[in-house]
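Okay, structure first, notes after.
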Amino acid sequence: MPEKTKQCCLLGYAGHGLVVAEAAMLLKMNLIAYADKSALTHNPYNLSYWGDEASMEFKGWAEEAVFILGIGNNLIRSKVGNYIRSKGFSCLSLIHPASSVSSFSEIGEGTFVARNAAINPFCKIGMDVIINTSASIDHECTIGAGSHIAPGAVLAGNVTVGEQAFIGANAVIKQGVKIENGAVVGAGSVVIKDVAQNKLVIGNPAKESNER
């Protein structure tokens, strides 16, 4: 059965999940349900509640379903994605129809590319990544699993972003810079040199900060 016609379940139904859900609907996917810790009173897309995916009573396991990650937090998103895959199910990658993604780039399972994002040729985007609204990823960039490139961020060519990293809104990363695993680049920062693992950098030019 083609993935677009299978029943789809959204994992996480608030904030970022609302954006992901709309993209799924624009792509004509058969999104019928959501999973969360409990049923939500705010249900703008009128989805069925299948329960908590961590629960033995979760309805998703009994269905021939595929799953869409709607979780904004990097660590939780990766954890849930890996859990779903451990059960023998898949997490779909979702590319908004108003984005532009080169056919020469690779997009990992469970990754979301949002409205007006641009990914140029020969990029490698890992699993469970968010490329958010109007982010620009230039040629030959590599983005590790579970990372988040926030709205309006610009990565010049040959930038490497490690796993579980976060690039803040409207940040600019100079060509060839390496952002190590777990690093955070503050919103609006301009990064002109490599950022070490788990470090926070802010400012223009970006410098290490202990605010984290």
| request: Under 4.5 Å between side-chain heavy atoms, chaining through other members, with only Ile, Leu, Val, Met, Phe, Trp and Tyr counted: pull out the rest of the cluster around L69, sorted by chain and number. | output: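 L11, I32, W50, F58, W61, F67, I71, I76, V80, Y83, I84, F89, which link up through side-chain heavy atoms under 4.5 Å apart, make up the rest of the cluster.
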Joint cluster assignment, [X] & [Y], ILVMFWY side-chain distance < 4.5 Å:
X    : Y    : result
V66  : V129 : no
V195 : F166 : no
L92  : V19  : yes
I202 : V177 : no
L31  : L18  : yes

What pair of heavy atoms forms the shortest contact from [X] to [Y], and how long is it?
X    : Y    : result
S93  : G108 : CB-O, 3.5 Å
A114 : H96  : C-CB, 3.6 Å
R77  : G72  : NH1-O, 2.9 Å
G70  : V20  : CA-CG2, 4.2 Å
L10  : A21  : CD2-CB, 3.9 Å
G168 : A150 : C-CB, 3.6 Å

Side-chain touch [X]/[Y], heavy atoms, less than 4.5 angstrom:
X    : Y    : answer
I95  : F112 : no
V113 : L94  : no
T142 : V161 : no

| request: Mind jotting down which residue pairs meet the side-chain hydrogen bond (donor to acceptor under 3.5 Å, both in side chains) criterion with at least one end in residues 12-25? Sequence neighbours excluded, please. | output: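 Those involving residues 12-25 are Y13-N43, E22-R115.
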| request: Please list all pairs passing the side-chain hydrogen bond (donor to acceptor under 3.5 Å, both in side chains) test where one or both residues lie in residues 122-136, with sequence neighbours left out. | output: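 Sorted pair list: R85-D128, N132-H148.
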Between [atom1] of [X] and [atom2] of [Y], what distance do you get to the nearest 0.5 Å?
X    : Y    : atom1 : atom2 : value
I119 : I137 : CD1   : CD1   : 6.0 Å
N74  : S147 : CG    : OG    : 6.0 Å
K199 : E208 : NZ    : CD    : 5.0 Å
D36  : L47  : CG    : CG    : 11.5 Å
L155 : E140 : CG    : CD    : 13.5 Å
I167 : I173 : CD1   : CD1   : 4.5 Å

| Short side-chain to backbone donor-acceptor contact, E109 and C91, under 3.5 Å |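 Checking the backbone N and O of C91 against the side chain of E109, a donor-acceptor pair under 3.5 Å is found.
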| Could you go step by step and tell me if M29 and Q7 meet the side chain to side chain contact (heavy atoms under 4.5 Å, CB included) rule? | CA-CA 8 Å; M29 302 184 77; Q7 294 184 125; over 6 Å; no
| message | What I want to check is whether the side chains of Q164 and S78 have a donor and an acceptor closer together than 3.5 Å. | response |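 Yes, side-chain donor-acceptor contact under 3.5 Å.
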| field | S102: partners by side chain to side chain contact (heavy atoms under 4.5 Å, CB included), with sequence neighbours left out | value |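 Scan of S102 (side chain to side chain contact (heavy atoms under 4.5 Å, CB included), adjacent residues dropped) gives F104, S105, P121.
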| What pairs with A39 under side chain to side chain contact (heavy atoms under 4.5 Å, CB included), at least two apart in sequence or on another chain? |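 For A39 the side chain to side chain contact (heavy atoms under 4.5 Å, CB included) partners, ignoring immediate neighbours, are Y34, Y49.
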Going by atom type alone, with no hydrogens or angles, which donor-acceptor pairs under 3.5 Å involve a side-chain atom of residues 178-192 and a protein atom two or more places apart or on another chain?
| residue | atom | partner | partner atom | Å |
| --- | --- | --- | --- | --- |
| N181 | OD1 | E163 | N | 2.8 |
| S189 | OG | G186 | O | 2.9 |
| S189 | OG | G203 | N | 3.0 |

